[in-house]
Amino acid sequence: MSSLKLLALFSLCVILRLTVAEDAGTSSTTCGGSPDPAPDAQGCSITGNFVFHSGNCVGKNELDELKARLQELSDRVSGDVSRRGESEENPAMSCREIFLSGSYTSGLYWVRLSARDEGAVQVWCEMGFQDGGWLRIFNMMAKGASTDQAAEMYDIITRNGPIQAVLSNTTSSAIYTQGLDLGMYHEVVYGWAKSSADVVSHYGYYRDDLGLKGHCYIDGFCGDNKVVATMTSSVTKEKKEIKTGNDPTYPHVGLGWSTQQITWGYDLNTSPHGHWANWYTSSCCLTGNTADIRDAGSNWRYTILIR
Ligand SMILES: *[C@@H]1O[C@H](CO)[C@@H](O)[C@H](O)[C@H]1NC(C)=O
C-alpha cells in the first residue's frame, strides 16, 4: 500500500469517526430512548434507522454514505478503477476527453454514443495527430488506378455504417457514424497518411461550431457535385469550397474543387492514368499522383477523423 493511499484512508477514517461522534451527541435520545444503550447493534435497533457504531448510535443512511465515500476514495487511491474510456463500464464522452485526461496513446477506447446515457461503443482514438483526441470513422488502404476501384470507393463513402473501431490497416465498408450523436463533434479531417503505421500528413480540415449533424459524407451522402464544406488544405494552406465528385461513372469520386480537380479521392479525368490525390489544391497539375503518393508505394491510406 502506498503512503498516499494510507494517508487518504487514514484521513477518511478520522472524518468518519468525527462525524459519527458529533452526531451521537444530538441523536442519543432518538436512539432507542435510553441514555445508555447496550453496546451492540440491538441497542439501536428500536427506530430501525440507527445502528450502533464504535460506541455511538449513528444514522444508518449516514453511515452507509460515509462507508461508500470511504470505498470510493480507497478505489481511487488503489488505482484499481480504470481510467475514463478504458473499459465499457467507464466510457468517456469522446476521444478528446480521453486525451485531455492524460491518455496520449492511440488505440481502442470506449466512448458514449451521446451525452445522454445510451451505452458505449469501442472506437479507435487517434492521439498522435494534431493535438490528439480524434475519432477515426473511416480508413481506406491505397487503391490501384482503375474505374472499378473508383466505383468501389464511391460505394463505400456514399454509405454510412454503425459506429465501430476503425483500424489503420483495414478498408472500411462505409463511413461509420451511425448511432453516434454527431452534434457533439465539430471538426473534420479528410486525411492522407503515407502508410498504415503513419499518422495523417496531408489533409483538408474544417470546423462547424453547430456540430456535424447533416454534414455530407459524415452523416449521409449529399449527392454528386455538391458543396461539402470550405476546407483548408494542410499542404497549401488554401481555403477552398470543396465538393463531392461530379460523376461516379466519369469516374470522379471523393472530394474536389472548381472544375472538379480531385484532392482526396480518384479522378480518371482526361488522363489515361488514374489520379489519387492528397490535398494539393493550387493548380491542376499538382493534383493527383503527386510525388508523395508515388513515393509512398502501395501502403498509403485515406482516413476520416472527427473531433
Ligand atoms: C492490423 O492492426 C492491428 C492493430 O494494430 C493488428 O493487431 C493486426 O494484426 C493488423 N492486421 C494486419 C492484417 O496487419
Side-chain angles (χ1 to χ4, degrees), residues 82-113 119-146 148-157 159-180 185 187-203 205 217-218 234 253-254 264-266 274 276-279 292-307:
S82 67
R83 296 167 78 151
R84 267 294 181 89
E86 287 182 356
S87 72
E88 188 171 7
E89 294 71 37
N90 192 18
M93 277 319 300
S94 62
C95 292
R96 184 64 172 156
E97 189 202 343
I98 294 166
F99 182 83
L100 292 176
S101 71
S103 296
Y104 305 128
T105 308
S106 296
L108 298 171
Y109 292 94
W110 291 87
V111 296
R112 289 184 193 284
L113 294 173
V121 66
Q122 195 178 33
V123 296
W124 183 277
C125 295
E126 176 61 62
M127 304 304 198
F129 171 74
Q130 284 286 318
D131 304 324
W134 296 87
L135 168 63
R136 191 188 290 145
I137 56 171
F138 172 81
N139 194 74
M140 188 188 94
M141 298 304 292
K143 297 290 178 185
S146 79
D148 281 356
Q149 279 167 321
E152 192 184 325
M153 182 182 184
Y154 184 82
D155 244 28
I156 290 171
I157 65 175
R159 196 167 49 216
N160 292 88
I163 178 77
Q164 58 182 269
V166 180
L167 300 181
S168 63
N169 58 10
T170 57
T171 290
S172 305
S173 60
I175 295 174
Y176 300 118
T177 50
Q178 278 173 7
L180 191 69
Y185 292 81
E187 296 170 279
V188 185
V189 161
Y190 287 91
W192 178 89
K194 77 174 185 214
S195 81
S196 59
D198 283 285
V199 292
V200 166
S201 60
H202 297 48
Y203 57 92
Y205 166 88
Y217 286 136
I218 306 298
S234 70
V253 300
W264 186 90
Y266 181 80
W276 294 95
N278 54 4
W279 289 100
D292 301 290
I293 277 194
R294 282 196 309 268
D295 298 347
S298 61
N299 189 28
W300 61 263
R301 66 192 169 102
Y302 280 152
T303 196
I304 304 176
L305 308 171
I306 61 174
R307 185 166 75 175

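Just follow the structure's listing: the first ligand is 1, and inside any ligand the first atom is 1.
- Not less than 6.0 angstrom separates the ring centroid of F138 from the ring centroid of Y217.
- One side chain, S195 or D198, offers a donor N or O that lies under 3.5 Å from an acceptor on the other.
- Near ligand 1, L167, N169 each place a heavy atom less than 4.0 angstrom from the ligand.
- The side-chain heavy atoms of L180 and I306, taken from C-beta on, include a pair separated by under 4.5 Å.
- Scored by the side chain to side chain donor-acceptor pair (under 3.5 Å) test, Y185 finds no partners at all (sequence neighbours excluded).
- Remark: R96 engages no residue in a side chain to side chain donor-acceptor pair (under 3.5 Å) (not counting sequence neighbours).
- For F99, the ring-ring contact (aromatic ring centres under 6.0 Å, His included) partners two or more places apart in sequence, or in a different chain, are Y104.
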